[in-house]
Asks: 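I have a structure here, written as structure tokens, and I will follow up with some questions on it.
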Amino acid sequence: MDWEKLELNAKIINALKKANVTSARKILSLPAPDLQRLLHLSDSEVQLVHTAVAALYRTVPPVTALQLTLGEFPSLEPGHRLSFACPVLDGLLSGGLPLHGITELAGESAAGKTQFGLQLSLSVQYSREHGGLGAGAVYICTEDPFPIKRLRQLITQQSRLRPDVPPALIRAIRFSDNIYIEHTADLEALQKCVTQRVRTLLERGLVRLIVVDSVAALFRSEFQADEAIERARHLLAFSAALHRLSHTYSAPVFCINQVSDVVDGPNPGRCDYGLVESKFLPALGITWANQVMVRLMLRRQERSLTLGEQTSAARRLEVVFAPHLARASCLCGVWEEGVRGITQEGIVE
Amino acid sequence: MMLRTVCSSPLAPSVKVKLITAGFHTAADLTDVQPLQLCKAAGLSQEEADEVLRTLRDDPSPVQRRAAVQCLTALDLLHQEETRGSIVTFCSELDTVLGGGIPVGRTTEICGAPGVGKTQLCVQLAVDVQIPVCFGGLGGEAVFVDTEGGFVVERLVGVARAAVEHCAALAEDQEQRGALESFTVEKILSGVFLMRCHDYVELLAELHLLPDFLKKHPQVRLVVIDSMAFPFRHELEDLSQRTRLLSGFAQKLTRLASAQHGPAVVLTNQMTTKVSSSQSRLVPALGEIWGHAATQKLILHWEGAQRFVSLYKSSSHKDATVPYQLTAEGFRDATVSVSSFPSRSPAAGSHSKRPRTEH
């Protein structure tokens, strides 16, 4: 950092140079008494240093919410979302995935979570006017091998799923070339993948969506029950990395999570998010929940749905919490062409 | 004040050493000294000598100056508190518990599990602080420091629209109808200043700049930091550094709030699991020392499917627990009155002095 740029008198700048501190981060994270000792300056001078360095460090000045709604600061409020490629699902989520922050989808095995991940990896590739972000996706697998056959099938069925997009446009997108698949077998590989390879892909503009399928697998398998603190530490580091990437590149993060059964009665140490009737809750506890901005849950139901000639087991997609959404849910099914929500009128059982 | 020692003064260490070697130990020693004399006697530069005399003699430090004016009686303080007012929450039961709402000039911490409504309450307050004076509001503005990325403009617009409609329905006399003309959704949006921080360093930077910002925008009556826990629980693995930064932070916020025309400072905090012997329970994050930071603490929690808010720590009001709900309009009274709810809050006992394992 160039201290000459600071609007301070020469004496203070000399003190900064003499003390050999090089970064603004260091200065800002030092408490005032420490900084005073380091620079040999008086209280009021240290305060001046803090204010001047802070002013230089801040990238975006305070903006009013009105400026945000007018779209003057797309880096803070992009004003659009990543579409699920289905009007019913987009309706439930008020337009789709928010571009900033972590969205989690929790559900039992075979609920259809991966189908959502795949569908988003395709819809992100459309242009903005068709609900996408005009870039590819990175798909991080930690459990099962990537379902490549299903992806191929989805790609061939895109024109059926997206009647709103001109067929020529769909044919022009080389879907499978834009999905970068990462397999990580342990935590170290996962952390490395997120901080290095995923960052590079985002930096080059090749991808604008991160899918993690699933977060729970590694964190649940690598730690014993008594290693909760260690697990929390890793979980925080991982979510901090994702959070930062998401905000820097306006890229949504979609994390698939497992669930854990609720076997005992009420427990003061467990947060049930007001889901009293649920027999299971998202895995990884409150440490992970604190990092999630939008939490969705997918439940498989007993009955089945019919759409044209196809039938599918009914699923209920529920918004557990989100800063901008009410708690609501909709029915959906997994069809040949992808996941589709069903409005109440459309139910044929 | 004349007895103040040179050692304890806020001067640069090198200057203090020079003064003491020259035989100046207390402020009284410096009463009759001219700047030039001091230069010669202590070997200081003209500039330094001026500063020494300014700090130790003529100009009491800001802290002392405040102490000098604040020779107030309890009655004066009561008046002062009444004129400052408070921000209504739109949940009448909570307002009653708080004695009118979130007090201006104080720090309030809102704790709760993810999704229980911390951000919703903050957004509601950012709107409510702007309600015109003739409707019993403060007609102020709000600063919203967002560290989690949970501030969604769409939600603010919804809450603001509901508040405008609410006031429109209440308008009775000419004055109120006149005030409504300028109380629009757009006006509310332009009265909320957003600062987004991605890590604790950016948050500290904003805090250093906040006093100047408040000077430039004297209408600001509310500063929200949503949340404190998020940046401080990431990246900062050195717990002793975290504790020191947090206590410095708390001190700054308290000073900010208690200054003349200081705003209400509202902080949110996450919950964490605390395991003691065989039982585990949810307690506010950031450790025991941070628990002393705010003058009031609200804990939001679920009992079954119903949301409750507990006033957990307050110097002026009784602890209580009341139900609330979140609607499309914002933070509101629970529609179904719940008669038999437990008064126990989930974090009761988090003030015990036992060391805490934080996860």
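Below, chain A is the first sequence line, B the second, and so on; all start at residue 1. Keep in mind it's a predicted model, so treat the numbers as computed, not measured.
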Asks: Run the side chain to side chain contact (heavy atoms under 4.5 Å, CB included) check on A:Tyr57 and B:Val201 step by step: do they pass?
Replies: CA-CA 9 Å; A:Tyr57 189 74; B:Val201 180; 3.8 Å; yes
Asks: Is it the side chain or the backbone of A:Leu41 that comes within 4.5 Å of chain B heavy atoms, both, or neither?
Replies: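 Backbone only.
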Asks: Look at atom NZ of A:Lys11 and say whether more than 12 heavy atoms of other residues, nucleotides or ligands are closer to it than 6.0 Å.
Replies: yes
Asks: More than 12 non-hydrogen atoms from neighbouring residues, nucleotides or ligands closer than 6.0 Å to CG on A:Leu70, yes or no?
Replies: yes
Asks: Would you check if B:Arg244 and A:Asp34 make a side-chain contact, meaning some heavy-atom pair closer than 4.5 Å?
Replies: yes
Asks: By a 4.5 Å heavy-atom criterion (distance strictly below it), what part of A:Arg327 contacts chain B: side chain, backbone, both, or neither?
Replies: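 For A:Arg327, side-chain heavy atoms alone lie under 4.5 Å from chain B.
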Asks: Would a 4.5 Å heavy-atom cut-off, applied to side chains only, mark A:His100 and B:Arg196 as touching?
Replies: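 The answer is yes, as the side chains (C-beta and beyond) meet within the 4.5 Å cut-off.
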Asks: Would you indicate whether the side-chain heavy atoms of A:Leu28 and B:Tyr200 approach each other to under 4.5 Å?
Replies: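 SC-SC contact between B:Tyr200 and A:Leu28 ruled out.
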Asks: Does any backbone or side-chain atom of A:Ala240 lie under 4.5 Å from a heavy atom of chain B? Answer side chain, backbone, both or neither.
Replies: both
Asks: Salt bridge (charged side-chain N to carboxylate O under 4.0 Å, His left out), that's the test. Do B:Glu202 and A:Arg25 meet it? Break it down for me.
Replies: CA-CA 9 Å; B:Glu202 289 182 27; A:Arg25 286 183 72 87; over 6 Å; no
Asks: Are B:Thr272 and A:Thr287 close enough that some pair of their side-chain heavy atoms sits under 4.5 Å apart?
Replies: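 No, side chains not in contact.
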Asks: Quick check on A:Ala322 against chain B: is it the side chain, the backbone, both or neither that has a heavy atom closer than 4.5 Å?
Replies: backbone
Asks: Any chance you could lay out the side chain to side chain contact (heavy atoms under 4.5 Å, CB included) test for B:Val192 and A:Thr64, step after step, and finish with the verdict?
Replies: CA-CA 5 Å; B:Val192 177; A:Thr64 66; over 6 Å; no
Asks: Parallel under 30°, tilted from 30 to 60°, perpendicular over 60°: which one fits the rings of A:Tyr273 and B:Trp302?
Replies: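 Correct class here is perpendicular.
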Asks: Please answer whether the main-chain N or O of A:Pro323 pairs with a side-chain N or O of B:Gln120 as donor and acceptor at a distance below 3.5 Å.
Replies: yes
Asks: To the nearest 0.5 Å, what is the distance between CG (B:Leu209) and NE2 (A:His50)?
Replies: 11.0 Å
Asks: What's the separation between atom NE2 in A:His324 and atom CG in B:Leu156, rounded to the nearest 0.5 Å?
Replies: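 Reported to 0.5 Å precision, the distance equals 14.0 Å.
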Asks: If I take atom CD from residue A:Glu77 and atom CD from residue B:Glu154, how far apart are they, to the nearest 0.5 angstrom?
Replies: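 Output value for this atom pair is 8.0 Å.
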Asks: So, A:Asn290 side chain and B:Ala113 main chain: donor-acceptor pair closer than 3.5 Å or not?
Replies: no
Asks: Quick one: what part of A:Ala289 sits under 4.5 Å from any heavy atom of chain B, side chain, backbone, both or neither?
Replies: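 Both backbone and side chain.
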Asks: Just wondering, do A:Ile286 and B:Pro114 contact through their side chains at under 4.5 Å, heavy atoms?
Replies: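 A side-chain contact under 4.5 Å exists here.
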Asks: Taking the side chain as every heavy atom from C-beta outward, state whether A:Arg58 and B:Glu206 have any pair of such atoms under 4.5 Å apart.
Replies: yes
Asks: Please classify the contact of A:Gln291 with chain B as side chain, backbone, both or neither, using a heavy-atom distance under 4.5 Å.
Replies: both
